[in-house]
Each structure stands twice: as C-alpha cells, then as structure tokens.
Protein chains: 4
Amino acid sequence: MNSPGRLEPVPRRSTAELIADQLRSAIMHGALAPGDQLGETDLAAQLGVSRGPLREAMQRLVQEGLLRSERHRGLFVRELGPEDVHDIYVARLAVERASCELIMRGNRGEALARLTAALNDLVAAARTGDRTAMSDADQAFHRALVSCSGNHRLERMAETLLVEARMCLTVMQEVYPEADELVEEHQKLLDAITDGDEELLLRLIESHMLDTVERINAGAPTARN
Amino acid sequence: MNSPGRLEPVPRRSTAELIADQLRSAIMHGALAPGDQLGETDLAAQLGVSRGPLREAMQRLVQEGLLRSERHRGLFVRELGPEDVHDIYVARLAVERASCELIMRGNRGEALARLTAALNDLVAAARTGDRTAMSDADQAFHRALVSCSGNHRLERMAETLLVEARMCLTVMQEVYPEADELVEEHQKLLDAITDGDEELLLRLIESHMLDTVERINAGAPTARN
Amino acid sequence: MNSPGRLEPVPRRSTAELIADQLRSAIMHGALAPGDQLGETDLAAQLGVSRGPLREAMQRLVQEGLLRSERHRGLFVRELGPEDVHDIYVARLAVERASCELIMRGNRGEALARLTAALNDLVAAARTGDRTAMSDADQAFHRALVSCSGNHRLERMAETLLVEARMCLTVMQEVYPEADELVEEHQKLLDAITDGDEELLLRLIESHMLDTVERINAGAPTARN
Amino acid sequence: MNSPGRLEPVPRRSTAELIADQLRSAIMHGALAPGDQLGETDLAAQLGVSRGPLREAMQRLVQEGLLRSERHRGLFVRELGPEDVHDIYVARLAVERASCELIMRGNRGEALARLTAALNDLVAAARTGDRTAMSDADQAFHRALVSCSGNHRLERMAETLLVEARMCLTVMQEVYPEADELVEEHQKLLDAITDGDEELLLRLIESHMLDTVERINAGAPTARN
DNA sequence: GTGGTCTAGACCACC
DNA sequence: GTGGTCTAGACCACA
C-alpha cells in the first residue's frame with residue numbers, strides 16, 4: 001500500500017505497449033472479431049497515433065498469436081475452431097495446475113487473501129447478472145491464481161491464454177455457465193486451497209478446464225480455423 | 001460510459017505533466033512540506049527521470065504558485081501564512097460561487113447526478129473515519145462542483161486552489177471538522193441545488209469557505225509566509 | 001508604494017520566467033497567433049537562449065493554458081472559439097467581482113488613487129487613437145483593479161485571464177469599442193467606487209464583461225477551438 | 001512430414017519475423033549478451049534493413065520477454081538471475097509435462113519416430129563433443145517433444161522458454177552435463193514413452209528439469225536480474 | 001550532443 | 001486502392 005503523496009517513479013509505458021493493450025482488449029471483447037482485418041490507416045486514426053507505433057503494437061499481437069499476418073494482404077484477427085478451444089484450455093490447465101502446485105508449496109496465506117478478494121468481486125458481479133462483468137471477474141480470479149504462483153513466465157503465458165479463452169466465450173456467449181454455478185466452482189477452488197488439499201485442488205482445476213471445453217464445443221457452431 | 005473494448009485514442013501525457021502531477025500530489029499531502037527545498041538530483045532519482053523533464057515540471061508548479069524560485073539557490077515549497085489561508089479561501093469562494101451560479105442556470109440535472117455520487121463517496125469516507133480519505137472526498141466534491149459549471153477556466157483555477165487549500169489542512173490537521181459536520185455541510189449544498197434555491201446556495205458556499213478560514217486561523221500556530 | 005530612491009532588492013527573475021514573459025507578450029499581441037507551432041530551435045535562436053530554459057518557459061505557458069501540447073508533434077498556441085471567449089469573460093467576472101467586493105470593504109483610498117492614475121493613462125491612450133495603446137491601458141486598469149484587492153491568488157488568476165482576453169481582442173480587432181465608449185465605461189466603474197456604491201459597481205462590472213462577450217462573439221467569424 | 005519434391009507454398013514470412021528470428025538466435029547463442037543494448041542504427045545497418053521493420057521485430061522480442069524496454073533509453077537484452085532460472089525450468093516442466101501426457105494418450109507412434117530421430121541427432125552431436133551442437137540437439141529434442149503433443153499453444157510457449165533456457169546455459173557453459181549423461185537422460189525419456197509408462201515419464205521429466213535448475217544455480221555466479 | 005521515439009510522406013508491391 | 005516498406009525530420013529525454 002502506498003502512502004498517499006509518496007514520491008514514486010513515474011510509470012511510463014511505451015506507446016506500442018499502450019496500443020497493444022488497447023487492441024488486446026478490443027479483441028478480447030469482440031470489438032475486433034475473429035477474421036476481421038486490421039486496417040492500419042483506420043486504426044491509427046481511431047487510436048490517435050501514427051502508423052509506426054501501431055505496427056509495432058500489432059507485431060506484438062502477432063507474436064502472441066492473437067493476430068495472423070498475410071504478407072501484402074494485411075493483419076487479421078485469428079479465428080478459433082473447436083480444436084483451438086481444446087488447445088487453449090489444455091494449455092491453461094498446464095499453466096494453472098503448475099500455479100496451484102506452487103501456491104500449495106509456497107506462500108498460501110497471501111494467495112488466500114488475494115483470491116478471496118477476487119472471489120468477492122466475482123460474487124458481486126454475479127449479483128448484477130452482467131455477463132461481461134462476470135467474465136471480467138472470472139478472468140481476474142484466474143489471473144490472480146497464476147500471479148500468486150510467483151512465476152513470471154507462467155504469468156506471461158497465462159496472459160495470452162486468458163485473452164484467447166475470452167475470445168472463445170465472446171463468440172459463443174450462450175454457453176456461459178449460470179451465475180450460481182460460476183461462483184460455486186470458484187468457491188470450491190478456494191476452499192481446497194484453504195484446506196491445503198492439493199490433490200482435490202488439482203482435480204477441481206482439471207475438471208474446471210475440461211468441462212469448459214466440453215460446454216463450448218458442444219454448444220458452438222463450428223468456426224473456421 | 002465506454003463500451004468495453006471500444007477503440008479509443010490512447011491517452012499519452014507528457015513526462016513533464018506526469019511529474020508535475022506527482023509533485024503536486026506530494027505537496028498536497030505534505031510529503032513535500034512548506035519550506036522544503038527540491039533537490040533536482042534526488043528528485044530525479046526518486047522519480048526515475050532525468051533532470052530535464054523534472055525541471056520543466058517544476059517550472060509548471062512555479063507558475064501555479066506552489067513552488068517558489070530563488071535564483072541560484074533552488075526551488076522551495078511555498079510556505080503559507082494566515083493571510084494566505086484567507087486569500088486562498090476567498091479566491092475559492094469567488095470561483096465556486098461563480099460555478100454555483102452557472103450550475104443553477106445550466107444543466108442542473110447532470111450536476112445533481114455527479115454531486116450526489118461525490119457526496120456518497122464522502123459519506124463512505126466519513127464512515128471509515130480516515131482523515132485523508134475524507135479530505136480526498138471533500139476535495140473531489142468541490143472539484144466536481146466547479147467542473148459542473150462547464151467553464152474550463154474556472155476548473156483550471158480551482159485545481160491549484162484546491163491543492164493550496166489542502167496544504168492548509170495538511171499542516172494543521174487538528175482543526176478539520178468532524179465527520180458528521182462535514183457530511184452535513186455538503187448535504188446542505190446539494191439540497192439547495194436540488195431545490196433550485198440559488199440565494200441559499202450562495203449563502204451556504206460563502207459561509208462554508210469563510211468558516212473554514214476562521215477555523216484554520218483560529219487553531220493554527222502562525223506560520224511564516 | 002515605493003518611495004523613489006529607496007534601495008530595494010533587485011528582482012532577479014529566472015531565465016525561464018523572462019522567456020515566459022516574452023512569449024506571453026508575443027502571444028498576447030498576436031506575434032504568435034493561435035494555432036502557430038512553436039519550433040524549439042527557431043525560438044531558441046531568436047531569443048538568444050538555449051533549448052533548456054526555453055522548454056521550461058514553454059511548460060509554464062502550457063500550465064497556464066496558453067499553449068497546447070501535442071506529444072511528439074510540438075507545442076502550439078491555443079486557439080480560441082466562441083465558447084472560450086465566454087468562459088474567459090465569465091471567469092474574469094468572477095475574479096473582478098470578488099476584487100471589487102474586497103476593495104469596497106478594504107482600503108478604498110489607495111484603490112481610488114491607483115485606479116484614477118490608470119484611468120488617466122487610458123484617457124491619454126484614447127486621445128492618440130492607437131488601438132494597441134488603448135488595449136494596454138484597458139488591461140492595466142483591470143490589472144490594477146484586481147491588484148487593489150490585495151489578494152495574490154486573484155491577481156495570479158487574473159494575469160492569465162487578461163492575456164487570454166487580449167488574445168480574443170487581437171484576433172478580432174474590428175469589434176473593439178470606440179475610444180469614447182471605452183473611457184466612459186471605466187469612468188463609471190471608478191465613480192461607483194468613489195461613491196461607495198457596491199451594488200452599482202457589481203452591476204457595472206458584470207455588464208462590462210458580458211457585453212464584451214456579446215460584442216466579440218457577434219462580430220467574430222467563428223474560430224476553431 | 002514433407003514428401004521430397006512436393007510443391008508447397010513458399011513460406012513467405014514478413015521481414016519483421018525474419019529479423020526477429022535473427023535476433024532471437026543471436027540472443028540465444030550469446031552474440032547479444034544479457035544486459036547489452038540494441039542500438040537501432042547499428043543493428044539496422046548490420047542486418048541490412050531499415051529501422052522500421054527492425055523496431056517491429058524488437059517489439060516482438062519485448063513481448064516474448066527476451067528484451068527489456070526502458071523508455072527513451074533503449075532496448076536491452078534481459079538479464080537472468082537465479083530465480084529466473086527457476087521460473088523458466090518450472091514453466092518448462094509445466095509445458096513438457098502436459099505434452100508428455102498428451103503424447104501418451106495420443107499418437108504415440110509418430111512421437112516415437114520423431115523423438116528417436118531427435119535422439120540420434122543428439123548422439124551424433126555428443127560424439128563430436130561440440131557443446132553448441134549438443135545444446136542444439138538437446139533443444140531440438142524438447143521442441144519435438146512439445147510439438148508431438150499437437151497443441152499449438154504449448155508449442156508457442158515452449159518456443160520462448162527454450163530460448164530462455166538456452167540463455168541460461170550460454171551464460172554458464174561450464175555446468176552443462178557430460179555428453180554421456182545427456183544422452184542417457186534423454187534415452188530414458190524415450191524408453192518410458194516406448195514402454196507406455198506415463199508415471200515414470202512424468203517423474204523423469206520432472207527431475208530432468210529440476211536437476212538442471214540445481215546444476216545451474218549451484219555452479220553459477222549470481223547474475224543480476 | 002546523441003540516440004530513442006514518433007510523425008509524416010513517399011514509393012513500391014499486391015490485389 | 002490498400003498495405004508494406006522505407007526515409008526524412010522533429011520532438012523528447014538522457015548523459
């Protein structure tokens with residue numbers, strides 16, 4: 001916690017980073033839908049920047065795998081098919097499972113504090129019934145989970161995966177679980193951490209991921225890859 | 001309200017502006033106290049910037065009157081005496097009175113909405129009993145009041161005055177009003193706006209300001225100017 | 001009041017401050033017109049200073065609101081639209097009205113002396129028929145008015161507002177009142193102070209400001225904001 | 001598997017991608033060492049490209065975490081400390097463990113074929129005794145392992161992690177295992193896959209990773225992070 | 001003063 | 001026409 005008015009280094013992020021965040025968010029929420037082309041001129045105008053830094057930002061997203069580059073054609077938002085959904089959640093499982101293990105063997109106290117806070121936010125969002133808010137809180141919970149592992153590489157990998165997972169949900173909103181169910185699943189995860197029951201926790205996180213794949217691919221019209 | 005993920009211009013403020021904000025906040029909260037000298041080298045290191053932009057930022061604060069420049073000696077945080085307290089609150093009265101008049105003759109609906117929100121924050125802060133939070137909320141209320149006038153020049157002038165007013169309070173915390181009283185005074189202001197009673201509103205804002213001067217200068221040990 | 005020949009500390013102002021004054025004056029008189037870009041290299045050469053202090057001076061004017069900063073594009077003289085004219089004069093009204101009140105309740109004698117002198121200068125300028133001289137004298141009268149309030153914050157705020165008001169006039173010279181009218185209006189203000197008629201004074205200062213807004217926005221081609 | 005002579009689309013990769021590969025390779029092999037600054041002008045000249053595409057490529061590596069950006073200072077090769085070594089190998093463990101599971105439950109035949117080939121290359125490299133060749137073959141083995149999982153996200157994540165792991169080794173070459181040992185460890189992994197012994201395989205891959213962390217951090221002088 | 005950063009504008013290749 | 005690419009030039013910040 002910062003004492004108010006303390007002198008701290010001014011946080012100055014590069015323009016490319018700011019733009020990348022903006023684009024990532026737009027892709028995540030579906031403002032830029034899978035398959036959409038990203039026109040440089042338009043985007044630059046909308047974002048109030050010139051094409052240079054915009055191109056740098058887009059290359060970041062290409063690197064992440066959120067954009068697909070076709071030479072001399074342009075950049076497009078990557079499209080997701082059923083096998084992508086599976087890939088994404090299996091990869092998330094790998095990352096979050098490792099995070100869980102690290103948490104159980106590490107500083108469980110801090111993790112509990114942060115995750116409890118995240119769960120409270122999720123409950124609050126569930127009460128409003130707002131799908132977007134619920135998704136945001138869901139995502140924040142899992143981001144916190146990985147962050148609590150203390151492993152920056154896992155965090156880095158999770159960041160992209162969470163955005164991709166969100167894309168899956170955005171395209172097919174109808175299959176998102178009910179508010180009660182969503183809260184309950186995360187409550188169980190938290191309980192397992194509280195109880196120190198690692199085996200249970202790993203089983204829960206596995207089913208949490210794999211069930212989601214089932215749900216999405218069951219309900220979804222097949223998208224092109 | 002922004003739809004999430006909408007593409008918006010990336011907000012990029014200059015380094016000098018960011019530093020100025022940081023310094024203003026530090027002065028406001030007393031981390032840089034009246035009379036303190038601002039060493040370029042130290043500050044630059046603490047803020048993680050080089051001396052160039054730091055000097056530019058400091059010149060901004062000199063222009064605002066928060067810093068005092070002594071040639072070839074350095075820059076110092078301006079000290080406030082009783083007559084400054086009076087000056088500040090009389091100037092605030094001029095600005096906020098004008099704002100009130102504009103609000104009563106302008107878009108009262110929007111003003112009510114924003115000020116009600118600000119009052120709620122103040123009530124919440126009062127419940128915690130945290131002096132700093134209460135001051136912040138108090139300040140935010142008045143900033144909102146002036147902002148609702150729609151007059152950018154009044155806003156600009158208020159910005160500096162609010163910081164100076166805060167400096168007065170920071171130096172002499174003991175005289176800050178009780179939580180109940182604070183909330184009540186602002187509630188009355190809001191009620192007057194709701195009722196459309198301009199005459200009452202102007203009387204209230206006047207006493208709100210002049211009473212504060214009394215309270216501060218009564219309770220305060222005389223500071224050097 | 002300085003007794004002539006008294007030895008007083010020479011006011012050694014910083015380079016940045018001197019440069020800022022130069023620039024402010026240039027903007028005020030239209031040598032730097034609204035929308036103009038301020039090239040660092042050129043200006044530094046013209047003023048015979050290096051870029052460092054020049055940048056510091058320009059940041060002062062940005063803080064005042066006379067310049068607008070576009071990141072990595074440069075600094076530009078702020079452009080004024082009709083709503084700016086309104087904002088400026090309403091803000092001036094707030095400041096000068098407060099000053100008038102303080103004068104009527106304070107040392108009216110000194111105020112009368114200084115304002116009478118200022119009015120004489122205005123009359124002299126009116127005789128020459130030189131528009132710039134008249135504007136200068138007009139501005140000096142109002143600066144003196146606010147200065148007589150004895151409130152340094154009001155003076156500080158007036159300083160910028162007077163420059164902005166002058167910019168409005170510079171852009172649209174044709175609407176400036178006739179010499180007779182100008183003198184008469186200020187004579188009335190002075191009379192009201194002499195007579196101690198506060199109510200009349202406030203009414204006069206209000207119409208003085210608001211009429212000017214009317215005159216400017218009526219006669220002026222709409223400028224971009 | 002390409003049948004030789006088949007006509008396939010030429011992989012026309014963007015300039016930025018090609019440059020990124022070059023840089024990544026240079027970092028991996030230590031031609032660009034941790035802490036080194038990447039001067040735009042120099043690099044552009046050396047690579048025979050202009051600064052635009054170079055900047056785009058560098059932003060890719062920033063996104064990957066191989067470069068660190070300091071605003072207005074430049075880009076630097078990220079430095080690795082002991083805790084980074086741990087992070088990297090734990091993350092690799094998560095990725096490769098998941099890959100192993102997928103292989104055991106998927107198309108084990110193809111995996112065996114590709115991994116046997118990779119092991120043969122490793123053996124050949126071991127015979128030459130060339131450290132770099134051994135590292136290359138080691139890396140190729142693990143890249144193949146993850147690739148056999150068929151999960152593109154795991155592949156993507158492994159790509160960066162393998163480069164980072166290689167950086168760890170490059171900095172501290174002396175701790176790289178003996179040729180015999182290296183071959184033996186990988187032979188065991190292959191045997192476990194052949195035998196279909198998933199439990200053993202997971203234990204082997206875990207110790208393979210964690211032992212490496214031990215070895216590196218034991219033998220290494222503490223590097224700055 | 002040097003070098004990072006961004007903008008603006010031009011040219012060329014592809015569709 | 002649009003995007004990919006590159007150059008020129010200015011601002012910005014560091015040393």
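A, B, ... follow the sequence lines: proteins, then strands. Residue 1 opens every chain.
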Enquirer: Can you tell me the Watson-Crick or wobble partner of dT5(F), both distances under 3.5 angstrom?
Expert: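 Pair assignment: dT5(F) / dA10(E).
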
Enquirer: Taking atom P of dT5(F) as reference, at what distance in whole Å does atom CG of Leu18(D) sit?
Expert: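 Computing the Leu18(D):CG to dT5(F):P distance gives 10 Å.
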
Enquirer: Both Thr15(B) and Ser50(D) contact DNA chain F. Which one's nearest nucleotide lies toward the 5' end?
Expert: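 Whichever sits nearer the 5' end wins; that is Ser50(D).
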
Enquirer: So which nucleotide from dC14(F), dC11(F), dA8(E) ends up closest to the side chain of Arg73(D)?
Expert: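 Selected nucleotide (nearest to the side chain): dC14(F).
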
Enquirer: Less than 4.0 angstrom from a charged side-chain N to a carboxylate O is my criterion; do Arg143(B) and Glu155(B) meet it?
Expert: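 Salt bridge between Arg143(B) and Glu155(B), a charged N being under 4.0 Å from a carboxylate O: no.
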
Enquirer: Which part of the nucleic acid, if any, lies within contact of Arg55(B), taking any heavy atom under 4.0 Å across all strands shown: a base, the sugar-phosphate backbone alone, or nothing?
Expert: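 Counting heavy atoms under 4.0 Å across all strands, no contact is made by Arg55(B).
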
Enquirer: Of all the choices, dG4(E), dG3(F), dC14(F), which nucleotide is nearest to the side chain of Pro53(B) once you look at every atom?
Expert: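 The answer is dC14(F), which lies nearest to the side chain.
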
Enquirer: For His72(C) and dA8(F), give me the distance from atom NE2 to atom C1', rounded to whole Å.
Expert: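 Nearest whole value for this atom pair: 16 Å.
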
Enquirer: Can a donor-acceptor pair be found between the side chains of Arg71(C) and Ser14(B) at a distance below 3.5 Å?
Expert: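 There is no such pair between these side chains.
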
Enquirer: Separation of Gln37(A) atom CD from dC14(E) atom P, in whole Å?
Expert: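 Checked: the CD to P distance equals 17 Å.
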
Enquirer: Does Gly74(D) reach a base, just sugar-phosphate, or nothing at all? Heavy atoms under 4.0 Å.
Expert: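 The residue Gly74(D) makes sugar-phosphate contact but no base contact.
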
Enquirer: In whole angstrom, give the distance that lies between atom CZ of Arg13(A) and atom P of dC6(E).
Expert: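 In whole Å, dC6(E) P lies 13 Å from Arg13(A) CZ.
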
Enquirer: Among the candidates dG4(F), dC6(E), dG4(E), find the nucleotide nearest to the side-chain atoms of Glu40(A).
Expert: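 Of the options given, the side chain of Glu40(A) lies nearest dG4(F).
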
Enquirer: Roughly how many Å is it from CG in Leu38(D) to C1' in dG4(E), rounded to a whole number?
Expert: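 My rounded result for the distance is 13 Å.
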
Enquirer: Hey, does the side chain of Thr41(A) come within less than 4.0 Å of dG3(F)'s phosphate (OP1/OP2), counting only N and O?
Expert: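 Looking at the OP1 and OP2 atoms of dG3(F), one of them is under 4.0 Å from a side-chain N or O of Thr41(A).
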
Enquirer: So which of Leu23(A), Leu66(A), Val163(A) actually passes side chain to side chain contact (heavy atoms under 4.5 Å, CB included) with Met28(A)?
Expert: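 Per the side chain to side chain contact (heavy atoms under 4.5 Å, CB included) rule, the option paired with Met28(A) is Val163(A), out of Leu23(A), Leu66(A), Val163(A).
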
Enquirer: Examine distances only and state if a side-chain atom of Asp36(A) and a backbone atom of Ala33(A) form a donor-acceptor pair shorter than 3.5 Å.
Expert: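 Looks like yes, one N/O pair under 3.5 Å.
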
Enquirer: Once you round it to whole Å, what is the distance between C1' of dC6(F) and CD of Glu56(D)?
Expert: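 It works out to 11 Å between those atoms.
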
Enquirer: Name the nucleic acid region contacted by Val49(D), choosing base, sugar-phosphate or nothing; use a 4.0 angstrom heavy-atom cut-off, strictly under.
Expert: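 The answer is nothing, as Val49(D) stays clear of every strand by at least 4.0 Å.
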
Enquirer: Roughly, in whole Å, what's the span from CG in Leu67(A) to C1' in dG4(F)?
Expert: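 Spelled out: CG on Leu67(A) to C1' on dG4(F) is 16 Å.
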
Enquirer: Would you call Glu164(A)-Arg153(D) a salt bridge at under 4.0 Å N-O?
Expert: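 Answer for the salt bridge query: yes.
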
Enquirer: Could you state the CZ-P distance from Arg71(C) to dT5(E), rounded to the nearest angstrom?
Expert: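 About 11 Å, once rounded to whole Å.
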
Enquirer: Reading DNA chain F from 5' onward, which residue's closest nucleotide shows up sooner: Ser69(C) or Arg51(D)?
Expert: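 Its nucleotide being nearer the 5' end, the pick is Arg51(D).
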
